[in-house]
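Worksheet for the structure shown next.
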Amino acid sequence: MAYTRYKGDPYWKRAKVAGTSPDGIPYAKGDRVFFYPRTGATYAGDSAARASAEFDELASLEG
């Protein structure tokens with residue numbers, strides 16, 4: 001993955017509080033989630049893996 005990182009890029013982190021991802025998948029405090037800081041969207045489970053793969057693919061197409 002040789003692409004330029006920018007402020008606001010999504011990243012993997014541990015959830016600080018329990019919640020529900022935009023597609024309705026619940027996650028617990030401490031779960032590994034994929035977080036979009038610009039929108040505040042937090043994805044968990046399989047949708048987190050898909051979101052991460054999609055971001056990596058689009059970022060690799062840049063420049």
Side-chain angles (χ1 to χ4, degrees):
M1 289 191 260
Y3 56 84
T4 304
R5 298 288 302 180
Y6 297 100
K7 181 178 180 180
D9 280 356
Y11 57 91
W12 286 98
K13 72 175 200 168
R14 295 281 174 189
K16 293 182 180 178
V17 296
T20 305
S21 62
D23 56 354
I25 297 175
Y27 56 88
K29 179 180 177 180
D31 284 354
R32 190 166 181 249
V33 295
F34 195 65
F35 179 66
Y36 285 84
R38 291 183 184 209
T39 62
T42 304
Y43 290 89
D46 290 339
S47 61
R50 283 192 302 273
S52 176
E54 180 181 341
F55 174 76
D56 288 342
E57 181 179 343
L58 292 174
S60 68
L61 295 175
E62 178 187 25

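All values reported here derive from a predicted model rather than from experimental measurement. Quick note: residue numbers are just sequence positions, from 1.
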> What are the two closest heavy atoms between S21 and T42, and how far apart are they?
Replying inline: CB-O, 3.0 Å
>> To check you understand the geometry: which heavy-atom pair defines the closest contact between A15 and A28, and what is its length?
In response: CB-O, 3.7 Å
> With a cutoff of under 4.5 Å between side-chain heavy atoms, which Ile, Leu, Val, Met, Phe, Trp and Tyr residues group with Y27?
Replying inline: V33
> When rounded to the nearest 0.5 angstrom, what distance separates CG in D23 from CG in D46?
Replying inline: 9.5 Å
> Going by heavy atoms in the side chains, are Y11 and D9 under 4.5 Å from each other?
Replying inline: no
>> Among residues at least two apart in sequence or on other chains, which ones pass ring pair (Phe, Tyr, Trp, His ring centres under 6.0 Å) with Y36?
In response: F34, Y43
> Does S52 reach the main-chain N or O of A49 with its side chain, forming a donor-acceptor pair under 3.5 Å?
Replying inline: no
>> Tell me the closest heavy-atom pair linking P37 and P10, and the distance in Å.
In response: CD-CA, 3.8 Å
> Counting heavy atoms not belonging to R38, are there more than 12 under 6.0 Å from its CZ?
Replying inline: no
> Can you find a heavy atom in the side chain of K16 that is under 4.5 Å from one in the side chain of K29?
Replying inline: no
